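Working notes for the structure below.
FYI, the numbering just counts along the sequence from 1. Just so you know, these numbers come straight off a predicted model, no measurement behind them. Reckoned from all heavy atoms, side chains included, excluding hydrogens, waters and symmetry mates.
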Amino acid sequence: MSRIVILGAGHVGSLCALNLAMAGICGEIALIDIDKKKADSQAKDVADATAFMRRPVRVYAGTYADCNDADILVNAVGVSRKPGQTRLDMLGDTIDIMKDVVGKLAGTRFQGIFISISNPCDIVANYARKHLGYPAGRVFGTGTSLDTARLRRTLHELTGVDMRSIQCFAMGEHGDSSMVPYSHIMVMGKPLTELIREKPEVYGRATLEILEERTHQIGMEIIIGKGSTEFGIGAALAELCQAVLYDERRVFPVSAYLTGQYGHSGFHAGVPAVIGKNGVEEILTLPLTEAEQAAFDRSCQVIQEHIVLAEAR
């Protein structure tokens with residue numbers, strides 16, 4: 001019976017639990033939070049919903065002892081992002097919480113896959129890998145998975161093409177410096193650039209400037225309107241967990257540890273990677289144009305600068 005432990009029972013952690021329960025991919029889901037009453041209430045609420053689901057799932061408020069034989073550990077600790085606040089602005093609060101998390105996890109026998117959601121995602125994933133001493137492939141962040149979903153949705157809105165017929169990636173920081181490798185956007189099996197030349201009246205609105213602007217701004221629009229983002233990342237997390245538990249070897253844009261790919265090494269950044277039972281099993285290296293490489297380099301510089309700040313706390 002597979003077990004997934006979620007650290008943090010707030011908006012994101014609870015929606016992750018609900019999406020996992022709905023997917024029916026594991027037998028147990030444990031929620032851990034410094035606020036034990038909240039973790040218990042969220043677990044009971046999700047457990048009520050399982051009465052209407054196709055597969056039985058045990059959902060409960062757990063402790064760090066539940067990490068000992070867990071298959072996946074989801075890190076969703078932290079505070080909610082506020083209107084006008086970038087993900088990087090959350091670094092201090094999240095790293096302070098992560099210090100406590102790292103100390104408690106060090107006392108467990110956890111040997112599974114560590115997936116981090118907490119913002120700033122790339123910096124927190126890097127901090128967890130370094131301070132927990134887990135193998136690099138077993139630690140990754142959700143990275144630009146949500147950015148990519150927003151990119152794909154924007155392309156759908158601009159072109160009218162079903163999202164399932166669009167292939168694209170956002171890369172770099174999960175944040176305002178993320179970049180879009182425009183040369184690799186495929187729509188109905190053809191490069192977007194080619195479709196623009198053929199039918200500019202249909203596809204011409206999907207410019208790089210608009211795509212990056214929407215990818216960067218949609219999250220803040222949601223926060224201003226409702227106070228938090230939660231549904232999209234909950235769905236993304238469930239898909240990642242399924243890829244691990246079922247060894248799907250499916251490609252996702254996640255915050256993976258770079259070892260020379262795209263000219264960078266020694267830190268986490270959002271790149272397309274193969275996800276399977278061992279976590280990040282392979283990083284895919286897309287041939288980037290000179291401008292795309294420069295944009296990715298700039299985003300990586302932002303990540304590296306904030307990794308230094310995290311280590312200095």
- Do Glu305 and Gln301 pass the side chain to side chain donor-acceptor pair (under 3.5 Å) test, and can you show the C-alpha distance, the side-chain angles, and the key distance before you say yes or no? CA-CA 6 Å; Glu305 288 172 352; Gln301 183 177 356; 3.2 Å; yes
- Item | Chi angles and distances behind the side chain to side chain donor-acceptor pair (under 3.5 Å) call for Glu28, Ser2 | CA-CA 6 Å; Glu28 295 185 350; Ser2 55; over 6 Å; no
- Evaluation steps, side chain to side chain donor-acceptor pair (under 3.5 Å), between Gln42 and Asp45: CA-CA 5 Å; Gln42 296 280 42; Asp45 203 7; over 6 Å; no
- Worked check of side chain to side chain donor-acceptor pair (under 3.5 Å) between Asp66 and Tyr60: CA-CA 11 Å; Asp66 291 294; Tyr60 61 98; 3.0 Å; yes
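Listed here is the closest heavy atom pair of Ile32 and Cys67: CD1-SG, 4.4 Å. Nearest heavy atoms, Gly141 versus Ala125: N-CB, 4.0 Å. Arg164 and Asp162 make their closest contact through N-OD1, 2.7 Å (heavy atoms, listed as atom of the first residue, atom of the second, distance). A pairwise comparison of heavy atoms in Asp247 and Gly276 identifies OD1-CA, 3.6 Å as the closest pair. Between Phe296 and Gly172, the shortest heavy-atom contact is CE1-N, 3.7 Å. What you find for Leu245 and Ile25 is that their closest heavy atoms are CD1-O, 3.5 Å.
Between Tyr257 and His268, the ring planes lie tilted relative to each other; the angle falls in the 30° to 60° range.
A salt bridge links Asp100 and Lys104; the closest N-O separation between the charged side-chain nitrogens and carboxylate oxygens is under 4.0 Å. By the 4.0 Å N-to-carboxylate-O rule, Lys44 lies close enough to Asp40 to be salt-bridged with it.
Note: Asn119 CG to Gln85 CD = 9.5 Å, rounded to the nearest 0.5 Å. Distance check: Leu88 CG to Thr86 OG1 gives 4.5 Å after rounding to the nearest 0.5 Å. Rounded to the nearest 0.5 angstrom, Leu155 CG and Ser165 OG are separated by 12.0 Å.
The shortest distance between side-chain heavy atoms of Val101 and Leu7 falls below 4.5 Å. Side-chain contact between Met186 and Leu192 is absent, with no heavy atoms from C-beta onward closer than 4.5 Å. Put simply, the side chain of Glu198 does not reach to within 4.5 Å of the side chain of Tyr203, judged on heavy atoms. Considering only heavy atoms from C-beta on, Ile97 stays 4.5 Å or farther from Thr94 through its side chain. You'll find the side chain of Val254 reaches within 4.5 Å of the side chain of Leu240, heavy atoms only. In this structure the side chain of Met98 reaches within 4.5 angstrom of the side chain of Asn75, judged on heavy atoms. You'll find the side chain of Leu158 reaches within 4.5 Å of the side chain of Ile210, heavy atoms only. When side chains are defined from C-beta on, Leu286 counts as touching Pro272, because their heavy atoms get closer than 4.5 Å.
For Leu284, the CG atom is densely surrounded, since the number of other residues' heavy atoms within 6.0 Å is greater than 12. Few gaps surround CD on Gln293; more than 12 heavy atoms of other groups in view lie less than 6.0 Å from it. Enclosure of atom NZ in Lys36 is not indicated, since only 12 or fewer non-hydrogen atoms of other residues, nucleotides or ligands lie within 6.0 angstrom. The local environment of CE in Met90 is crowded, with over 12 non-hydrogen atoms from other residues, nucleotides or ligands closer than 6.0 Å. More than 12 heavy atoms of other residues, nucleotides or ligands sit less than 6.0 Å from atom NZ of Lys226.
Between the side chain of Thr50 and the backbone N or O of Met53, no donor-acceptor pair lies under 3.5 Å. No donor-acceptor pair under 3.5 Å is formed between the side chain of Glu221 and the backbone N or O of Ile218. A distance-only check finds a donor-acceptor pair linking the side chain of His306 to the backbone of Val302 [under 3.5 Å]. The backbone N or O of Val244 sits nowhere less than 3.5 Å from a side-chain atom of Glu248 that would complete a donor-acceptor pair. Checked by atom type and distance alone, the side chain of Glu173 never pairs as donor or acceptor with a backbone atom of Ala269 at under 3.5 Å. Gln217 places no side-chain N or O within 3.5 Å of a backbone atom of Arg214 that could act as its donor or acceptor partner. Panel note: side chain His156, backbone Arg152; no donor-acceptor pair is recorded below 3.5 Å. At least one donor-acceptor pair closer than 3.5 Å links the side chain of Ser14 to the backbone N or O of Gly10. The backbone N or O of Val77 sits less than 3.5 Å from a side-chain atom of Ser118, completing a donor-acceptor pair. Checked by atom type and distance alone, the side chain of Asn68 never pairs as donor or acceptor with a backbone atom of Thr108 at under 3.5 Å.
In the hydrophobic clustering of this structure, Met220 does not group with Leu146; members are Ile, Leu, Val, Met, Phe, Trp, Tyr whose side-chain heavy atoms approach within less than 4.5 Å, directly or through other members. A single hydrophobic cluster is not seen to contain both Ile222 and Leu151; linkage of ILVMFWY side chains at heavy-atom distances under 4.5 Å, directly or through other members, places them apart. Cluster annotation: Met163 is not connected to Ile185 through the hydrophobic network of ILVMFWY side chains, with a link wherever side-chain heavy atoms come within less than 4.5 Å. Connection of Leu258 to Leu288 is established within a shared hydrophobic cluster, with ILVMFWY side chains joined at heavy-atom distances below 4.5 Å, either directly or through further cluster members. Linking Ile, Leu, Val, Met, Phe, Trp and Tyr whenever their side-chain heavy atoms come within less than 4.5 Å leaves Val79 and Ile6 in two separate clusters.
Listed by first and then second residue, the side chain to side chain donor-acceptor pair (under 3.5 Å) pairs that reach into residues 134-150 are Asp147-His174, sequence neighbours excluded. Legend: salt bridge (charged side-chain N to carboxylate O under 4.0 Å, His left out) pairs involving residues 69-93, not counting sequence neighbours, sorted by first then second residue: Arg3-Asp69.
Checking each of Leu15, Asn19, Leu20 against Leu237 for a side chain to side chain contact (heavy atoms under 4.5 Å, CB included) leaves exactly one that passes, namely Leu20.
Judged by the 6.0 Å distance and 45° axis criteria, Arg129 is not positioned over the aromatic ring of Tyr127.
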